[in-house]
Chemist: 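The structure that follows is given in the form of structure tokens.
Order of the sequence lines sets the chain letters (A, B, ...), proteins ahead of strands, with each chain counted from 1.
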Amino acid sequence: MLDIHSLRKDAGAVASRLAARGFDLDIAAFQSLEAERKTVQTRTEELQARRNQLSKAIGQARGKGEDASALMAEANGIPAELATNEHRLADVQARMNAFLLAVPNLPHESVPAGRDAEANVEVRRVGTPRTFEFPVRDHVDVGTALGGLDFDTAVKIAGARFSLMKGPVARLHRALAQFMLDVHTAEHGYTEVYAPYIVNADSMRGTGQLPKFEQDLFKVPHNDGHMYLIPTAEVPVTNIVRDSIVPLDQLPLRFVCHTPCFRSEAGSYGRDTRGMIRQHQFDKVELVQIIHPDRSYAGLEELTGHAEAILQRLGLPYRVMTLCTGDMGFSAAKTYDIEVWLPGQDAYREISSCSNFEGYQARRMQARFRDDKGRPQTVHTLNGSGLAVGRTLVAVLENYQNADGSVTVPAALRGYMGGMERIAAA
RNA sequence: GGAGAGGUGGCAGAGUGGUCGAAUGUACCUGACUCGAAAUCAGGCGUAGGUGCAAGCCUACCGUGGGUUCGAAUCCCACCCUCUCCGCCA
């Protein structure tokens, strides 16, 4: 959530920055809540202070064997009024909290203004799409012909938006994840993490999936309540630092984590229905950094470069886009999308999203570090896909397809494929 | 699934109704002593919110939520979590 102090100080300035991303901040509602909070909180604390004074005095009088009935008489009048005020305070604080949780992050000043994806800005383009001297097939046709992708059976087992991989294609999928983990741990300084795939509501709230996006999550009944399947490893991994104070000399924390991701994609019926572009379950290798505020934008550039390195090593052409204010996720202050070239779609498609959340998630999570004066300060959080494994598999199948229907194994992956250079139909 | 124990400050560990945000130890910081260090001595040392230019002051927090009371770490109720043993089990 936003820092409430900035809203108190200059709600107008905050509102105009939010307007850039299409969010209409209700300043009047905020100010009325804030005024009510102040009145009620002041009165509540006065009553508490008076009660504490009287109770202490009663205790002292009793200790000396004096008569405390006058004090008792006054003290007797406090609990009723105090209870009323405490309830009002809890209520106004809950309403303020709900108000703040519904406000998205402020876009960074370097983020281009715009309504939707049309206004995203291309930063760079790396690699040249290959020209094919035969009709290009998409990954569904390539993978199905190889006997490695079987969507019909996946539908029987689970339903639409699930996939079943077999044989060398399934192995290629595994190889990609292994390769990504190895590069990020050995060369980019990330610590490998294995984390829960099912988490509690506090964790979902910490990274911003709740309360606004519950409809996108898979919910699991548990102990009279429920838990949630993670939509990304960002959730369990970033929450490592929830409710904690990280020593300054440990920053930045860099974690890499390979998990399946589960998304109900409730709002996207009809989009990308073919193939494994948009699935209820997919694997992703996620990069997370917990970083000093002064370093977070440099960190975002580095992290994006770490994700790009995977595409470069795989020889996949891509471009990097700066998302405009209207296209960014709720919690992000700045986001780069990396889009890989998919010849089967004749288009660049998102394969990684790298974001700086500044203190937005950290404030929700109460994640802090101790500055050089020993004061707790909010950390900044970054994350990015490095990369989405399923979509990377799609990119390899499409970009490395051959005229005879086989797929060349990218050189970087052969060590993970037992030296296999080509996947051909069995 | 069954039985038991327990959740207090970075850690250890007191505290069973009143002056307790909490003894003591330890860790850490500052100072003294020392050529320096160790040891010793003195002081400091939780988080959050509010208010104030500031020094400061006020409030909340002893797993969570409710209750009793003028007053709760302490009493009552519910829940959550952790640990130990047994059973089952990848």
Chemist: If I take atom CZ in residue A:Arg370 and atom C1' in nucleotide B:A27, what distance separates them, rounded to the nearest angstrom?
Modeler: 14 Å
Chemist: Any idea which of B:U47, B:U19, B:G71 is nearest the A:Arg51 side chain?
Modeler: B:G71
Chemist: Pairing check on B:G4: which nucleotide meets the Watson-Crick or G-U wobble criteria with it, both distances under 3.5 Å?
Modeler: B:C83
Chemist: In the strands shown, is B:G18 matched to any nucleotide by a Watson-Crick or G-U wobble pair with both distances under 3.5 Å, and which?
Modeler: B:C70
Chemist: Paired with B:U64: which nucleotide, if any, by Watson-Crick or G-U wobble criteria at under 3.5 Å for both distances?
Modeler: B:A78
Chemist: Taking atom P in both B:C62 and B:A54, what distance in whole Å separates the two?
Modeler: 29 Å
Chemist: Expressed in whole Å, how much space separates the P atoms belonging to B:A22 and B:U59?
Modeler: 13 Å
Chemist: When you match A:Gln53 and A:Ile4 each to their closest nucleotide on RNA chain B, which lands nearer the 5' end?
Modeler: A:Ile4
Chemist: Contact class for A:Arg43 vs. all strands (heavy atom < 4.0 Å): base, sugar-phosphate, or nothing?
Modeler: nothing
Chemist: I'd like the P distance from B:G67 over to B:A55, given in whole Å.
Modeler: 38 Å
Chemist: My understanding is that only one of A:Arg295, A:His188, A:Gln289 makes a side chain to side chain donor-acceptor pair (under 3.5 Å) with A:Glu302; could you say which?
Modeler: A:Arg295
Chemist: Distance check, C1' atoms only: B:A73 and B:G46, in whole angstrom units.
Modeler: 16 Å
Chemist: A:Thr322 side chain to A:Val123 main-chain N or O, any donor-acceptor pair under 3.5 Å?
Modeler: no
Chemist: If pairing requires Watson-Crick or G-U wobble contacts with both distances under 3.5 Å, which nucleotide is the partner of B:A42?
Modeler: B:U30
Chemist: Could you state the CD-P distance from A:Gln60 to B:G17, rounded to the nearest angstrom?
Modeler: 19 Å
Chemist: Distance between the C1' atoms of B:G71 and B:U19, in whole angstroms?
Modeler: 12 Å
Chemist: Return the nearest nucleotide to the side chain of A:Gln366; candidates are B:C58, B:G18, B:A48.
Modeler: B:A48
Chemist: Of the options A:Gln209, A:Met227, A:Arg242, which is the one that meets A:Ser203 in a side chain to side chain contact (heavy atoms under 4.5 Å, CB included)?
Modeler: A:Arg242
Chemist: Both distances below 3.5 Å, Watson-Crick or wobble geometry, any strand: find the nucleotide opposite B:C57.
Modeler: B:G50
Chemist: Would you kindly say whether A:Ser331 and A:Asn105 are connected by a side-chain donor-acceptor distance under 3.5 Å?
Modeler: no
Chemist: Give the nucleotide from the list B:C70, B:A48, B:U59 with an atom nearest to the side chain of A:Pro79.
Modeler: B:C70
Chemist: On RNA chain B, does the nearest nucleotide to A:Gln48 precede the nearest nucleotide to A:His87 from the 5' side, or the other way round? Give the residue.
Modeler: A:Gln48
Chemist: So what does A:Ile58 hit on the nucleic acid, given a heavy-atom distance under 4.0 Å: a base, only sugar-phosphate, or nothing?
Modeler: base
Chemist: Find the distance A:Lys56:NZ to B:U59:C1' and express it as a whole number of Å.
Modeler: 13 Å
Chemist: If pairing requires Watson-Crick or G-U wobble contacts with both distances under 3.5 Å, which nucleotide is the partner of B:C35?
Modeler: none
Chemist: Roughly, in whole Å, what's the span from CD in A:Glu45 to P in B:C61?
Modeler: 11 Å
Chemist: Roughly how far apart, to the nearest Å, are B:U40 and B:G56 at atom P?
Modeler: 31 Å
Chemist: From the options B:G18, B:U51, B:C58, select the nucleotide whose nearest atom is closest to the side chain of A:Ser55.
Modeler: B:G18
Chemist: Can you confirm whether A:Asp24 is buried at CG, in the sense that more than 12 heavy atoms of other residues, nucleotides or ligands lie under 6.0 Å from that atom?
Modeler: no
Chemist: Heavy atoms under 4.0 Å, any strand shown: does A:Arg375 hit a base, just sugar-phosphate, or nothing?
Modeler: nothing
Chemist: What's the gap between B:G2 and B:G9 when it is taken at their P atoms, as a whole Å value?
Modeler: 31 Å
Chemist: If we ignore angles and hydrogens, is there a donor and acceptor under 3.5 Å between the side chains of A:Gln361 and A:Thr238?
Modeler: no
Chemist: Measure from the side chain of A:Asn52, starting at C-beta and using heavy atoms only, and say which of B:U59, B:A48, B:G46 lies closest.
Modeler: B:U59
Chemist: Using atom C1' in both nucleotides, what's the gap between B:C70 and B:C81 to the nearest angstrom?
Modeler: 34 Å
Chemist: A:Met96 has an atom CE; how far is it from atom P of B:G49, in whole Å?
Modeler: 13 Å
Chemist: What's the closest nucleotide to the side chain of A:Lys38 if the choices are B:C58, B:C70, B:U51?
Modeler: B:U51
Chemist: Just how far, in rounded Å, is P of B:G50 from CG of A:Asn85?
Modeler: 18 Å
Chemist: Starting at CG of A:Leu47 and ending at C1' of B:G50, how long is that distance when rounded to a whole Å?
Modeler: 15 Å
Chemist: May I ask which nucleotide in the shown strands pairs with B:G9, Watson-Crick or G-U wobble, both distances under 3.5 Å?
Modeler: none
Chemist: Counting side-chain heavy atoms from CB outward, which of B:A48, B:A60, B:G49 is closest to A:Arg368?
Modeler: B:A48
Chemist: Does a sphere of radius 6.0 Å around CZ in A:Arg88 hold more than 12 heavy atoms from other residues, nucleotides or ligands, not counting ones at 6.0 Å or beyond?
Modeler: no
Chemist: Would you mind pulling out the nucleotide paired to B:A23, Watson-Crick or G-U wobble, both distances under 3.5 Å?
Modeler: none
Chemist: What is the nucleic acid contact for A:Arg37, judged by heavy atoms within less than 4.0 Å: base, sugar-phosphate only, or nothing?
Modeler: sugar-phosphate
Chemist: Ring centres under 6.0 Å, that's the criterion: do A:Phe218 and A:His280 meet it?
Modeler: yes
Chemist: Between A:Gln41 (CD) and B:C57 (C1'), how many Å, whole number?
Modeler: 15 Å
